[in-house]
Amino acid sequence: MSTKPSSSSSSSVKPYVIGAGVVVAAGLLAFASYAATKPADRDATEAAPAAPVSAPASAAAPSDAAPSAASGAQEGLYAEAAKLARRDAKDTLAAGRADAPVVLIEYADFQCGYCGKFARDTEPALMEKYVEKGVLRIEWRNFPIFGEDSERVARAAWAAGQQGRFWEFHRAAYAEDAKEKGFGKDQLTVLAREAGVKDLARFGRDLDGAAARQAVKRDQDEGFALGVASTPSFLVNGRPVSGAQPLETFTAAIDEAAAKAKAGR
């Protein structure tokens, strides 16, 4: 089973400095990604739906005291991972209030089938139920792992965001038949036009510019350092969820996180 990113992505990755607690917490997300990953062909790095993973089963101990101690340590790791939320009001690749009590971070690839399933089937409901009510903020992280086309469309999404049309581009790129048409430059221009990007010449320059490459690399490095091994992968206030889970899995995680935030925990 291969869960490594394409060579074009991995060769450019350098160490990304994050807190020690997040480095430890990376094991949780890596395990979640591993547990949910399909074992064959190109889909091997796409996370199929699987139960959210809190910790490896091997971490459990037979004593009564151990589960409580492990739970406390685990909560501490989640708190560290939650610090990856940028909460930048000017972030054009995010939706929702910067001060929302819950932040969902999504690491995804536009060529990932399960990412598309989440974008079409689940994300709109989360937007309506939580984002529009100020409960949830969704922060997108470009995590291209399927080669040059993935890298190119990630930069294109960022470029669309520079003109305030990221989510419209996101919707167009994840449309049912979009992946089959490929993500060459001409098709990306078609998607940008569909998304309502007004200055297509600027879009083309931004797509190929150094700022776009740096922005995508920043997201990639964060994901690799965290232990993301497949797409889509999520953090909900630091708690890992892997795969295109049913809507109920996300609503339960968000409701729990919102309740804890309200209680000051």
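Because the structure is predicted, anything quoted here is derived from the model rather than measured. Quick note: numbers below take in every heavy atom, side chains included, and nothing from hydrogens, waters or symmetry partners.
- The shortest heavy-atom contact between Tyr174 and Cys112 is CE2-O, 4.1 Å.
- For Phe110 and Trp140, the distance between ring centers is under 6.0 angstrom.
- Residues Leu200 and Leu191 share a single hydrophobic cluster, defined by chaining ILVMFWY side chains whose heavy atoms lie under 4.5 Å apart.
- Following chains of ILVMFWY side-chain contacts shorter than 4.5 Å, one cannot reach Tyr107 starting from Val216, and the two form parts of different hydrophobic clusters.
- A salt bridge is absent between Asp149 and Lys179; no separation between the charged side-chain nitrogens and carboxylate oxygens falls under 4.0 Å.
- Inter-residue side-chain proximity for Thr231 and Phe118 is flagged as unmet; no heavy-atom pair is nearer than 4.5 Å.
- The aromatic rings of Phe250 and Phe234 lie perpendicular to each other, with more than 60° between the two planes, well past the 30° mark.
- Nearest heavy atom pair, residue Pro101 against residue Gly134, reads CD-O, 3.4 Å.
- Applying the ring-ring contact (aromatic ring centres under 6.0 Å, His included) criterion to Tyr130, with sequence neighbours excluded, gives no partner residue.
- In this structure, Pro232 and Glu106 approach most closely via the heavy-atom pair CB-OE2, 4.3 Å.
- By the 30° and 60° cut-offs, the orientation of the rings of His170 relative to Phe166 is tilted.
- A donor-acceptor pair shorter than 3.5 Å can be found between the side chains of Ser150 and Asp109.
- In this structure, Val135 and Ala100 approach most closely via the heavy-atom pair O-CB, 3.7 Å.
- Under the 4.5 Å side-chain criterion, counting only non-hydrogen atoms from C-beta, Val103 is in contact with Asn237.
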Go through it in stages, so that I can follow the logic: the residues are Trp167 and Glu123, the test is side chain to side chain contact (heavy atoms under 4.5 Å, CB included), and I'd like the CA-CA distance, side-chain angles, deciding distance and then a yes or no. CA-CA 11 Å; Trp167 290 104; Glu123 199 163 46; 3.8 Å; yes
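- The minimum heavy-atom distance between Phe143 and Gln220, with the atom names listed, is CE1-O, 3.6 Å.
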Please test Arg141 against Glu222 for salt bridge (Lys or Arg N to Asp or Glu O under 4.0 Å), starting from the C-alpha separation and ending with a verdict. CA-CA 9 Å; Arg141 302 289 190 267; Glu222 178 183 301; 2.9 Å; yes
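- Heavy atoms only, all atoms of each residue included: Asp206 and Ala212 are closest at O-CB, 3.2 Å.
- In this structure the side chain of Asp121 never reaches within 4.5 angstrom of the side chain of Leu247, judged on heavy atoms.
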Given Asp88 and Lys90, is the salt bridge (Lys or Arg N to Asp or Glu O under 4.0 Å) satisfied, shown in steps? CA-CA 5 Å; Asp88 180 356; Lys90 296 181 180 180; over 6 Å; no
